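Here the structure comes first, spelled out in structure tokens, and everything after it is commentary.
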Protein chains: 2
Amino acid sequence: MQQTLTIGELAHRSGVAPSALRYYERLGLIRAGRTGGNQRRYDRAELRRVSFIRIAQQVGVSLEEIREALDGLPESRTPTKADWARLSSHWQAKLNDRIAFLERLRDDLTGCIGCGCLSLTACRLSNPDDELADDGPGPRRFPALS
Amino acid sequence: MQQTLTIGELAHRSGVAPSALRYYERLGLIRAGRTGGNQRRYDRAELRRVSFIRIAQQVGVSLEEIREALDGLPESRTPTKADWARLSSHWQAKLNDRIAFLERLRDDLTGCIGCGCLSLTACRLSNPDDELADDGPGPRRFPALS
DNA sequence: ACTTTACTTAAAGCCCACTTCAACTTGCAC
DNA sequence: GTGCAAGTTGAAGTGGGCTTTAAGTAAAGT
């Protein structure tokens, strides 16, 4: 018989509060079996899911997006190494995008200070994505990520 | 007389909705003069403030922290190049911290896949029993950049 | 002068990611 | 078999970051 965890144990091992775990379950991010007395019992594999959720959150991904990603895992069987590798490499791509974005931000900020224009609004940091040419320096929308 | 912007103009040029600009004003992030008829008129320098706010938000900083940072600007005069350079370099440090954090995350993720441990929970990626356990309610921002 | 668009306010609403509450039930330790 | 920590539920509350609404005023175009 497979070893299971109570909600308190999973909470302790994952660093996520029990209330958050119940919330995740309502959103369909994790699953739990039940005892005869209706208490949750988590397969140890859920620990990995919770870790994944927390990592994705740190990258700035919403729970809804995380749910969509986790939906890519097989439902019928415990995810294999290959399953997780696929998901994780997808997240590495997201991380790389985000890192590149922040680096661009940092470098542009440096340029703005260095060049003396000082107008954050006048550099490519704020890209005039529309009719800039009314009068004077233009409208500035920040470039959206991905 | 100094050229000013209506709230609609500032909204258009900054890409921030008028309601958000009024909200920022309530929080003390930006300031506005008034016409005889009580309408807001923004000094062009406010455009820079709004840009700064948006950039800081992209880095994952809360409005409260942004307000504290902006409080470092002189109230009596229009901020000089040096004023902005000081603020911006502080933000560059934040950016670097955040970039370093994400890189560590990315590299650890690679390691987890490569080594086959597959247990994200077994690496330093997930720090069980740690301080993140009780952050209180509210949307999770990015981890503190200190 | 008139019409239309833009602005004003306070208060309420919304979305996300949770937490807290109240009232109750399970299940492990002794 | 009893005591008590740990679990259960739905509903309501919290905090951040806004948007929407309603009712009214200002200013710009013709």
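So you know, we letter chains A, B, ... as the sequences are listed, proteins then strands, and number each from 1. Please read all numbers here as calculations on a predicted model, not as lab measurements.
A heavy-atom distance below 4.5 Å is not found between the side chains of A:Leu5 and A:Glu46. Looking at heavy atoms from C-beta onward, B:Arg34 lies in side-chain contact with B:Arg40 at the 4.5 angstrom threshold.
For the pair A:Ala45 and A:Thr78, the tightest heavy-atom approach, listed with the atom from each and the gap, is CB-CG2, 3.9 Å.
The side chain of A:Thr35 contributes an N or O atom lying less than 4.0 Å from OP1 or OP2 of C:dG27. A close approach under 4.0 Å does not occur between any side-chain nitrogen or oxygen of B:Tyr24 and OP1 or OP2 of D:dG17. Residue B:Gln39 has no polar side-chain atom (N or O) positioned under 4.0 Å from OP1 or OP2 of D:dG24. OP1 or OP2 of D:dA26 has not a single side-chain nitrogen or oxygen of B:Arg41 nearer than 4.0 Å. For D:dG17, the OP1/OP2 oxygens have no side-chain nitrogen or oxygen of B:Arg22 closer than 4.0 Å.
Atom CD of B:Glu64 is separated from atom P of D:dG15 by 14 Å (rounded to the nearest Å). Whole-Å rounding puts the B:Ile53 CD1 to D:dG17 P distance at 11 Å. One can place CD of B:Glu65 at 12 Å from C1' of D:dG16, the figure rounded to the nearest angstrom. Spacing between atom OH of A:Tyr42 and atom C1' of D:dT8 amounts to 11 Å, rounded to whole angstrom units. Taking atom CG of residue A:Leu21 and atom C1' of nucleotide D:dA6, one finds them 14 Å apart after rounding to whole Å. In this structure, A:Ile7 atom CD1 and D:dA5 atom P are separated by 19 Å, rounded to whole Å. Computed from coordinates, the B:Leu63 CG to D:dG17 P distance equals 4 Å when rounded to whole Å. The distance between atom CD of B:Glu25 and atom P of C:dT8, rounded to the nearest whole Å, is 8 Å.
In this structure, the nucleotide among D:dT20, D:dG17, C:dT19 sitting nearest to the side chain of A:Ser19 is C:dT19. The B:Thr6 side chain lies nearest to C:dC7 when the options are C:dC7, C:dC18, D:dT8. Listed nucleotides: C:dT19, D:dT9, C:dA17. Nearest to the side chain of A:Arg34: D:dT9. Taking only side-chain atoms of A:Ala20, from C-beta outward, the nucleotide of C:dC7, C:dT9, C:dT19 with the closest atom is C:dT19.
With axes fitted over five pairs at each extremity, the angle between the ends of the helix from C:dA1-D:dT30 to C:dC30-D:dG1 is 10° (10° resolution).
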Show the numbers, then the answer: is there a side-chain contact (heavy atoms from CB on, under 4.5 Å) between A:Leu21 and A:Tyr42?
CA-CA 11 Å; A:Leu21 293 174; A:Tyr42 295 93; 4.2 Å; yes
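Side-chain atoms of A:Asn96 never come within 3.5 Å of backbone atoms of A:Ala93 as a donor-acceptor pair (strictly under, hydrogens ignored).
Backbone-only engagement by B:Arg40 is indicated by non-hydrogen atom pairs under 4.0 Å involving sugar-phosphate atoms exclusively. Note on A:Arg26: nothing from the nucleic acid sits closer than 4.0 angstrom, heavy atoms only.
Projected onto DNA chain C by closest heavy-atom contact, A:Asn38 and A:Tyr23 fall at different nucleotides, the more 5' of which corresponds to A:Tyr23. Residue-to-nucleotide proximity on DNA chain C shows that, of B:Gly37 and A:Ser62, the 5′-proximal contact is made by B:Gly37.
Between A:Lys94 and A:Asp97 no salt bridge is recorded (no basic side-chain N to carboxylate O distance below 4.0 Å).
Atom OG1 in B:Thr6 sits 8.0 Å away from atom CD in B:Gln39 (nearest 0.5 Å).
With B:Arg67 as the fixed residue, the side chain to side chain contact (heavy atoms under 4.5 Å, CB included) test singles out one of B:Asp71, B:Leu63, B:Leu70: B:Asp71.
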